[in-house]
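I have placed the structure first, in the form of structure tokens, so that the comments after it can refer back to it.
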Protein chains: 2
Amino acid sequence: METKHSASMEDYLESIIMLREGNEAVRVSQMSKALGVKMPSVTSALRKLSQQGLVEHKRYGRVQLTPDGEKIAEDVFHRHEALRRFLAEILNVDPEIAAVDACKMEHSVSPVTEEKLAKFIEFVLSRPKVQPEWLKLFDRYVNYGEIPQECMTRCLREE
Amino acid sequence: METKHSASMEDYLESIIMLREGNEAVRVSQMSKALGVKMPSVTSALRKLSQQGLVEHKRYGRVQLTPDGEKIAEDVFHRHEALRRFLAEILNVDPEIAAVDACKMEHSVSPVTEEKLAKFIEFVLSRPKVQPEWLKLFDRYVNYGEIPQECMTRCLREE
DNA sequence: GATAAATGTTAGACGCTTCAAACAAATCAA
DNA sequence: TTGATTTGTTTGAAGCGTCTAACATTTATC
């Protein structure tokens, strides 16, 4: 049922989720700024999305997601967040770059991959006490090439 | 100097690296099949890449990368491989899907991110004895939700 | 309320990537 | 070597997403 949507249509949908505060519907100008495109591009995207029943939008009015649109937008947003967190919190990539990269990558991730990525993040970060140490080890490796052979090995062997 | 190239131009360049065996130059038909596009698309891409000095190609002849083209193609290939390995070997995503996802994601990864990703893979997989255990723990978490709190915590605390 | 400013739309164009159809060259096979 | 097959190119058209310029509507201001 869910036909595949283009990267740019996904971006338009996602931006609606990201821009609305509370229940306030979103303006074309906001989307235009957020996505770095001119307003006519937004208008024409909205016409298309409206025809597909993914957004609610009448001339000169505000924009809202339909339930179908909401589903897709949330999906994209989840992919985005999974990637962004992985890059920023695990790889320790600069937050700005992480956000930008995530925004482009989010359109290429299959459902299976997204699910595993989310679990991986959870796995690595879910243990508040372990997390900082674990990442510190990785960080040290990035900066000095130190591989903490002994400790990890010893530990995991016991298991 | 290196102007940004479109995802599709990057794909054409990368395919040349992936298709050539030894020093054998590559045929248009091979690229066509590998990329899932018709031959006229390849021809027209090659005209453009040739004008930019990235490939060597004369009418009805084989295709070769110039040194400049080689550099870009290798770059794309590295991003591809980093992503593919992460997905396949760490997240344990099905190899087919990993390859497909990597192929689409490869165009969105910034240099910094790629570098950190590569280091991360190295970090996780570089210790032959640890690696299987570590991933086994993650795999168990994916399948049963078990978080190996104690072991990792204990170990990393000692450090 | 009238008018200025901000916001949004329409129309038409362009670049990019792809394709099918028709044609051209190269290669194979007899 | 000549005809058939494979391979590659040209041409022209299409879809998509974007833009600018001109126009329309809404909103804010006096």
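Chain A is the first sequence line, chain B the second, and so forth, proteins listed ahead of strands; every chain is numbered from 1. Since the model is a prediction, treat every value here as computed from it, not as a measurement.
- Under 4.0 angstrom from either OP1 or OP2 of dT17(C) there lies at least one side-chain N or O belonging to Lys48(B).
- Along DNA chain D, the nucleotide nearest Val28(B) and the nucleotide nearest Ala45(A) are compared for position; the residue whose nucleotide lies closer to the 5' end is Val28(B).
- Taking side-chain N and O atoms only, Ser41(A) has no distance below 4.0 Å to OP1 or OP2 of dT18(D).
- Regarding contacts with the backbone of dT10(D), every side-chain N or O of Tyr60(B) stays at 4.0 angstrom or more from both OP1 and OP2.
- Distance, Lys33(B) NZ to dG8(D) P: 9 Å, rounded to whole Å.
- The shortest distance between the side-chain N/O atoms of His5(B) and the OP1/OP2 oxygens of dC16(C) is not below 4.0 Å.
- The nearest heavy atom of DNA chain D to Lys38(A) and to Lys58(B) marks one nucleotide each, and the one closer to the 5' end goes with Lys58(B).
- In this structure, Glu56(A) places its CD atom where only 12 or fewer heavy-atom neighbours from other residues, nucleotides or ligands lie under 6.0 Å away.
- Distance from the side chain of Tyr12(B) is smallest for dT18(C) among the nucleotides dG8(D), dT18(C), dT25(D).
- When the side-chain nitrogen and oxygen atoms of Ser44(B) are compared with OP1 and OP2 of dT18(C), none of them lie within a distance under 4.0 Å.
- Electrostatic pairing of Glu89(A) and Arg85(A) counts as a salt bridge here, judged by a charged N lying under 4.0 Å from a carboxylate O.
- Checking the phosphate oxygens (OP1, OP2) of dG8(D), a side-chain nitrogen or oxygen of Arg27(B) falls inside 4.0 Å.
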